[in-house]
Protein chains: 2
Amino acid sequence: MGEDRQGRRRDAEATRQALLDAAAALFTERGYDRTTVRAIAARAGVNQALLFRYFGSKRALFGEVVERSGHRQLLTTQPERLLEMALRGMLPAGADSSGHQALEAFLRSTGSSDEIDAAGRLLGNEYARVLESLSDAPDAPLRADLVLAWLLGVGLMRVVVRKAPLADADPDSICALVLPAARTLLEGIATSDGKTCRQAQ
Amino acid sequence: MGEDRQGRRRDAEATRQALLDAAAALFTERGYDRTTVRAIAARAGVNQALLFRYFGSKRALFGEVVERSGHRQLLTTQPERLLEMALRGMLPAGADSSGHQALEAFLRSTGSSDEIDAAGRLLGNEYARVLESLSDAPDAPLRADLVLAWLLGVGLMRVVVRKAPLADADPDSICALVLPAARTLLEGIATSDGKTCRQAQ
DNA sequence: TACCGTTGTAAGCATGCGCTTACAAGCAGA
DNA sequence: TCTGCTTGTAAGCGCATGCTTACAACGGTA
């Protein structure tokens, strides 16, 4: 354990980044509650007192982590591809485990505290706004939320509950089932009584 | 606070039930980590040492709670109605807050520990088996998991993240959007290329 | 070289947690 | 009434946590 940390021995910015990276990794792996400041400092190869010097508190650190990786991914993904990218980000089969790390970190941290949930709400708002832009329906915001809920639910079952067969299914099969349904939901035209025009047979 | 607890002053079965009820309520409200054994005992109006006498550990208590309310709901709901009942159970607008409490308790507790996740997996298996029976598709188990994931995701956004507009939408609107799509997913026949037969308009 | 703010360190404080222990009070059978 | 098991209680143990403090080492500047 303990990352590199070679180079200049005294470099505030470098240790800040090391802490940020270590925190992102641990929050993603274990969630907020089960990640201790001692573990973060240890993985970063840094004295834990520095964590408080640079970030003030564990919660503030979490906020910076989510904000950083959340924005980073949203900004580099084009809207039409967000749905698939986010879904595949929930399916840690591919090597690109860093993709949409923020969603996973948040997923493992739900219910830890009101501030954590609030941070998640902000992140969710950004994702929803993008998804919403893909829909013409009058209730597009609600539809976007439902799609986002599905993404989170799949992630929940897959990475934290690890329930078979979902946890073992290959990403392509999942995408083949989820993406068309999600797109239908986003694109579907609502009738006056609130039901989608497609009947439930 | 402290529930009734009148009647016989010394009644092991009654205090066991009081603890079970208090634990169910608190786990549902706050999740596993944020619920303390002291709080459970206090709400039950019982000395906390008794909790350990009767259940051995906090985790064992959680297991009994989930098993009890999970089974109870599953046994009293007919398969065809499970989907709607479980979904509405996630939307705590109606007064029937006790419905599918187990799913909500689990939802707020994900990631607390491996044993907790395992308990959730067992519960999920039971729900999935019922949902799966509604589908004729060859990959019915996976489809059932995806539907269950959606239910959990909606609950996550609604009760723990409380993200608008999903959190504020009325249950009927949500059902009108989710149920047809979920039923389509369950009933839909997969074509050779993996897309459902119903086209996206 | 002498200084001084910045960066790093070791130790510990206060708190809340799950859980245990030692003991009192109630109740049943003799 | 006496005995012995069951039920309830008060106190606290040991530990891990987030966070703080007092101090040492470094390195640029004068």
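What's counted below: heavy atoms across the whole structure, side chains too, no hydrogens, waters or symmetry copies. Below, chain A is the first sequence line, B the second, and so on; all start at residue 1.
Of the candidate nucleotides dC19(C), dT7(C), dG18(D), dT7(C) has the atom nearest to the side chain of Ala12(A). Checking dC19(C), dC19(D), dT9(D) against the side-chain heavy atoms of Lys58(B) singles out dC19(C) as nearest. For Gln48(B), counting side-chain heavy atoms from C-beta on, the closest listed nucleotide (dC19(D), dG12(D), dT9(C)) is dG12(D).
A salt bridge between Arg59(A) and Asp114(A) is absent, with no side-chain N of the basic residue lying under 4.0 Å from a carboxylate O of the acidic one. With respect to the salt-bridge test (charged N to carboxylate O, under 4.0 angstrom), the residues Arg162(A) and Asp117(B) do not qualify.
Counting only distance, with no hydrogens or angles, the side chain of Arg158(A) and the backbone of Leu166(A) share a donor-acceptor pair below 3.5 Å. At distances below 3.5 Å, not a single donor-acceptor pair connects side-chain atoms of Thr77(A) with backbone N or O atoms of Leu74(A).
Rounded to a whole Å, the CG atom of Leu50(B) is 15 Å from the P atom of dT6(D). Rounded to a whole Å, the CZ atom of Arg30(B) is 14 Å from the C1' atom of dG16(C). Rounded to whole angstrom, the span from the CG atom of Asn47(B) across to the P atom of dG8(D) amounts to 9 Å. To the nearest angstrom, C1' of dA24(D) lies 10 Å from CZ of Arg10(A). Here the C1' atom of nucleotide dC19(D) and the CD1 atom of Ile40(A) are 13 Å apart, to the nearest Å. Distance, Phe55(B) CZ to dG18(C) P: 15 Å, rounded to whole Å. For Leu26(A) and dG18(D), the CG to P distance is 12 Å, given to the nearest whole Å. Here dT9(D) presents its C1' atom at 15 Å from CZ of Phe52(B), a figure rounded to the nearest Å.
How far CD of Gln73(B) is from OH of Tyr127(B): 6.0 Å, rounded to the nearest 0.5 Å.
Comparing Ser57(A) and Ala49(B) by the nucleotide of DNA chain D that holds the closest heavy atom to each, the one mapping nearer the 5' end is Ala49(B). When each of Arg53(A) and Arg38(A) is assigned the nucleotide of DNA chain C bearing its nearest heavy atom, the one mapping closer to the 5' terminus is Arg53(A).
Within 4.0 Å (heavy atoms only), Tyr54(A) reaches sugar-phosphate atoms of the nucleic acid but no base atom.
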